[in-house]
Amino acid sequence: MTQSPALHDNRCPADDLTEFIYLDYAATTPLCREAADALGRGLLLFGNPSSRHSAGQAAHEALDAARAQVAALLGCPPAEVVFTGGGSEAISLAMRGTFAPLRWRGHLVTTAIEHSAVLESAAALRRRGVDVTVVAPEPSGHIDPARVAAAIRNDTVLVSVMHANNETGAIQPVQHITELVHAAGRLMHVDAVQTAGKLPIDTMTADMVSISAHKFGGPKGVGALRLSARHHIEPLVCGGGQEDGRRAGTENLPGVLGMAAAAVVAAPRLHDPAYRQQRWHLRTRLLQHLSALDDTHVNATDPVMAETISVSFAGVRADTVADILDTHGVCVSTGSACHAGQDSPSHVLTAMGISDERSRATLRYSFGPATTDADIDAAARATIAAVNQLRRVSGHRRPATVRPAEAAGAH
Ligand code: PLP
């Protein structure tokens, strides 16, 4: 990666050693320098935050300060932040923790484009007796709030909708949906794992919001659930009374300090128009380059996250393209990282009505604060060469031209 401007510089020590162009930020992000420093500090603060002595109190104070910093990202009082072992655990805690005290009775509404952490939690709830309704997306990749409202029944307890999709970047109208859900007197959970640290989430009024540190420059295996003081859940992990009885176990102080440091680094970017404009510049630049290829299609229309781009290249296997790009030092992904390597088409693209063939021809490019024009140019050049080469070999014929829908548009 080449150098980027100071405010947007989220480079970590590891960046200086990398020889590849990393465009898979939706899977995970490089650790930012501040988070690396905070992790080190947390390792040295060895006291148990629950201990009364000075070593314990020093750890406790650091934990409190980190909680306040993560609360600022989430826009909630520090007492509403429950630290977890990542996004999947936060989501499981929100969903299972809500239905456990109800002895697994009631109804859940979620959507077909959720991450497997939500969908598998929903499947586990269904096996225990919870009724589940899965709302389909529009072909654009968005969830229609009216469809969610129509799915709410007398026995609905919880609605869970993601803020932005991890494969397409489509931003969901979660605040509108939250208002409808609250008007019906139900609970709302938002999986904000893809947007925390990238888009503002501090004005959300959902009862529960899940985030994960490694998606915004923090370490892996640590996340948080914003849990409204009004809502009581049953913990998944039982033991001591840590996290106010909501998640037992001695706290992962290094991880939590790393996450808080990454949240502080991300904060100024969230409301910086120049940074947002730079994101759209990179997106438009990539799509403009890729418009040199016929018969390509951008999955998901506005509103989308600038930094996540899902493109299908007819006539090729995306996993083969990704492997070729990897040999050129360009890291991209086919669908979500959790399902990479599986041959089944993406459940997200299938739910949007996209054919299996087009789904298997889809690459996801996702970029972050350290990404430069030069990275985008090199990735596009390598993609164009790989797709042209594979199309020549397979004898793919050019149909009537369909170019990336947004390529000509500016944001
Ligand atoms: N939700 C979404 C939308 C995600 O993209 C991910 C990770 O890819 C998760 C949840 C799970 O987060 P974690 O990897 O921290 O368990």
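Counting convention: from 1, in listed order, for ligands and their atoms alike.
- Ligand 1 places these atoms under 4.0 Å from at least one heavy atom of Ser212: 13 (P), 15 (O).
- Residue-environment remark: CD (Gln57) exceeds the threshold of 12 foreign heavy atoms within 6.0 Å.
- Side-chain contact of Asp323 with Thr320: a donor-acceptor pair under 3.5 Å is absent, judged by distance alone.
- Side-chain polar atoms of Ser88 and His115 form no donor-acceptor pair below 3.5 angstrom.
- The two atoms that bring Lys215 and Gln194 nearest to each other are NZ-NE2, 3.9 Å, heavy atoms only.
- Ser228 and Glu80 share no donor-acceptor pair across their side chains, judged by distance under 3.5 Å alone.
- With a 4.0 Å heavy-atom cut-off, ligand 1 is reached by the side chain of His214 but not by its N, CA, C or O.
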Discussion item. Arg358 vs Asn299, test: side-chain hydrogen bond (donor to acceptor under 3.5 Å, both in side chains). Steps then yes/no.
Written reply: CA-CA 10 Å; Arg358 193 170 119 195; Asn299 303 303; 2.6 Å; yes
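- The closest approach between Glu89 and ligand 1 stays at or above 4.0 Å for every heavy atom of the residue.
- Close approach of ligand 1 to Asp191 (heavy-atom distance below 4.0 Å) involves ligand atoms 1 (N), 2 (C), 3 (C), 10 (C).
- By the criterion of a heavy-atom distance under 4.0 Å, neither the backbone nor the side chain of Glu114 is placed next to ligand 1.
- Of all atoms in ligand 1, numbered sequentially from 1 with element shown, those under 4.0 Å from a heavy atom of Met162 are 3 (C).
- Side-chain atoms of His214 never come within 3.5 Å of backbone atoms of Gly87 as a donor-acceptor pair (strictly under, hydrogens ignored).
- Among the atoms of Ala27, none of the N or O lies under 3.5 angstrom from an N or O of ligand 1.
- A 6.0 Å sphere centred on CZ of Arg105 holds no more than 12 heavy atoms belonging to other residues, nucleotides or ligands.
- Numbered from 1 in the order shown, with element, the atoms of ligand 1 that lie under 4.0 Å from a heavy atom of Asn166 read 3 (C), 5 (O).
- Residue contact annotation: Ile91 has a non-hydrogen atom under 4.0 Å from ligand 1.
- If you check each of His163, His115, Gln194 against atom 10 (C) of ligand 1, the one with the closest non-hydrogen atom is His115.
- Look at Lys215 and you'll find a heavy atom under 4.0 Å from some atom of ligand 1.
- Ligand 1 places these atoms under 4.0 Å from at least one heavy atom of Gly86: 15 (O).
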